[in-house]
There are 2 protein chains.
Amino acid sequence: MRNGVPSERVQSDDEPERPARPGRRTLSREDWARAALEAMREGGLGAVAVEPLAESLGTTKGSFYWHFKDRDSLIQAALERWVAESEELMAAAERIEDPVERGRRLTEYAFTAPSGADITTTLLIHAQHPVVGPILEQVTRRRLEFGARLTEELGLPADAAYRHALTALTMTVGIALIRRGAPQLLPQGEDKDAYVRYILELLGPPMT
Amino acid sequence: MRNGVPSERVQSDDEPERPARPGRRTLSREDWARAALEAMREGGLGAVAVEPLAESLGTTKGSFYWHFKDRDSLIQAALERWVAESEELMAAAERIEDPVERGRRLTEYAFTAPSGADITTTLLIHAQHPVVGPILEQVTRRRLEFGARLTEELGLPADAAYRHALTALTMTVGIALIRRGAPQLLPQGEDKDAYVRYILELLGPPMT
DNA sequence: GAGCTGCCATACGCCACCGTACGGAACGTC
DNA sequence: GACGTTCCGTACGGTGGCGTATGGCAGCTC
């Protein structure tokens, strides 16, 4: 029965997770969400387009509109995956005992991770989008609180800790944007290592 | 005589500059470029669209394609205005004698100027565009060299000065992006002043 | 093996925008 | 007052994307 309003079939959790076998016959909602998130990493929100995605998945719009109500709900699903990833990252960081080492590792990761590893920058660009905006704010708030809490463990008062976390976020976002748009301007090779050390020193042991 | 290839009528400099009188009958190439730059400040590169711009100028595409070959050449013209603005800004900074005061003023401006005052962030987002990329790189290089030179006058060696200038750029870009996308996360009111002072301290007297 | 259901293919209408073709008004020039 | 030039209005075709409508196949069920 084809119901005119596709009612956005919600995937039950006990549905068998389909392995990525190339000869598979049908796609799942998660396949689409994964592909959308991937496209977003590489080409921004504009790359989350139904028809091109369908083509890259070797299927057609018919599949998409079976699993999703519209493009926005695909974006939503992709971002929910991202939220989960973000939570996992923080949980992993939590497992590092020494707060100093923790801060160092986080900073280093932020400035050496492959471009597109985190889409915060991309999302900030499209923060006006009704789906993107709220999720972005939620995630960013949690990260800032997380960062501020880590910094407080280093002995800073709350307001300074928040400023420090905000500065780290700002630098991360700025670097990511420059790396995307004008990587020639950033130090390469040996200079890059020196630059990362410099950043670590700038953000690392906050005295203020 | 309508020449099929409009040959991109180049405006001679002695052409009388048209005042912004509302009852004017014809638009100039500069009117279009101005409007395009303005649209870019507010809505990014995507807002530089011929038909909407025509509407906001109270005219039609007929006018546009008289003055310009295509959309890209409009973007080019708008960005050339921006290059000139950037040069003026640096020249104005040059006129401040005291290098310390100069750095302070520049930093303060970067973090308090109205959102959209500088479109570097917007352009970084669209750096893949064949017209945007080269101009952006040119301007940014000049700014970094300028910043590095100023910092050298404060007594830093060349490599440290470049790192410092790059950090300032990164922070500027990052703050601008966050201000556009999630201004709630940035300190407001009194906290904002404290934050600006904090940034000034972070970037201000470079000791490294 | 008929039917039912889940999933997909295809064709369509719609919209926003780009660029072109061409007609025509306004204005100066002789 | 005819004529040329400058500038604009408008209609058109093309492209790329969204969302809908509808048909159909494959696999299961009985």
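Each chain gets a letter, A, B and so on, in the order its sequence line appears, and its residues count up from 1.
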Could you pull out the protein-nucleic contacts involving nucleotides 26-28 of chain C (nitrogen or oxygen on both sides, under 3.5 Å)?
residue : atom : partner : partner atom : Å
C/dC27  : OP1  : B/Arg25 : NE           : 3.4

>> With the threshold set at under 4.0 Å for non-hydrogen atoms, list the residues of residues 49-56 of chain B touching DNA chain C in residue-number order.
In response: B/Ala49, B/Val50, B/Glu51, B/Pro52
>> Nearest heavy atom decides the nucleotide; on that basis, is A/Asp72 or B/Gly58 closer to the 5' end of DNA chain D?
In response: B/Gly58
> At under 4.0 Å between heavy atoms, what does B/Thr60 touch on the DNA or RNA strands: base, sugar-phosphate, or nothing?
Replying inline: base
> From the list D/dT20, D/dC7, C/dC8, which nucleotide is the closest neighbour of the side chain of A/Tyr65?
Replying inline: D/dT20
> Looking at residues at least two apart in the chain, or sitting in another chain, which of them share a salt bridge (Lys or Arg N to Asp or Glu O under 4.0 Å) with B/Arg71?
Replying inline: none
>> Going by the rule ring pair (Phe, Tyr, Trp, His ring centres under 6.0 Å), which residues pair with A/Phe146 if we only count those two or more places apart in sequence or in a different chain?
In response: none
> Taking CZ from B/Arg71 and P from D/dG14, how many angstroms apart are they, rounded to a whole number?
Replying inline: 22 Å
>> Can you tell me if A/His67 touches the phosphate of C/dG6, counting only side-chain N or O atoms and a distance under 4.0 Å to OP1 or OP2?
In response: no
N/O donor to acceptor pairs below 3.5 angstrom from side-chain atoms of residues 130-138 of chain A, sequence neighbours left out:
residue  : atom : partner  : partner atom : Å
A/Glu137 : OE1  : B/Gln184 : NE2          : 3.1
A/Glu137 : OE2  : A/Arg141 : NE           : 3.2
A/Glu137 : OE2  : A/Arg141 : NH2          : 2.9

>> So, does B/Thr59 get its side chain near the phosphate of D/dG9, meaning an N or O under 4.0 Å from OP1 or OP2?
In response: yes
> Can you name the residues that form a ring pair (Phe, Tyr, Trp, His ring centres under 6.0 Å) with B/Phe64, not counting sequence neighbours?
Replying inline: B/Trp32, B/Phe68
> Roughly, in whole Å, what's the span from NE2 in B/His129 to P in C/dC18?
Replying inline: 11 Å
> Roughly how many Å is it from CZ in B/Arg29 to C1' in D/dC8, rounded to a whole number?
Replying inline: 17 Å
> OP1 or OP2 of C/dC8 less than 4.0 angstrom from a side-chain nitrogen or oxygen of A/Trp66, does that happen here?
Replying inline: no
> Among all residues two or more places apart in sequence or in another chain, which pass the side-chain contact (heavy atoms from CB on, under 4.5 Å) test with A/Pro52?
Replying inline: A/Ala49
> Among all residues two or more places apart in sequence or in another chain, which pass the side-chain hydrogen bond (donor to acceptor under 3.5 Å, both in side chains) test with A/Asp193?
Replying inline: none
> Can you check the B/Phe64 CZ to C/dC17 C1' distance for me, whole Å?
Replying inline: 12 Å
> Whole-Å distance between C/dC7 P and A/Phe68 CZ?
Replying inline: 13 Å
> In Å and rounded to the nearest 0.5 Å, what is the CG to CG distance from B/Leu185 to A/Leu169?
Replying inline: 7.5 Å
> So how far is it from A/Trp82 CH2 to A/Glu87 CD, rounded to the nearest 0.5 Å?
Replying inline: 10.5 Å
Atom pairs and distances, side-chain donor-acceptor, residues 121-128 of chain A, under 3.5 Å, sequence neighbours left out:
residue  : atom : partner  : partner atom : Å
A/Thr122 : OG1  : A/Arg180 : NH1          : 3.4
A/Gln128 : NE2  : B/Arg180 : O            : 3.2

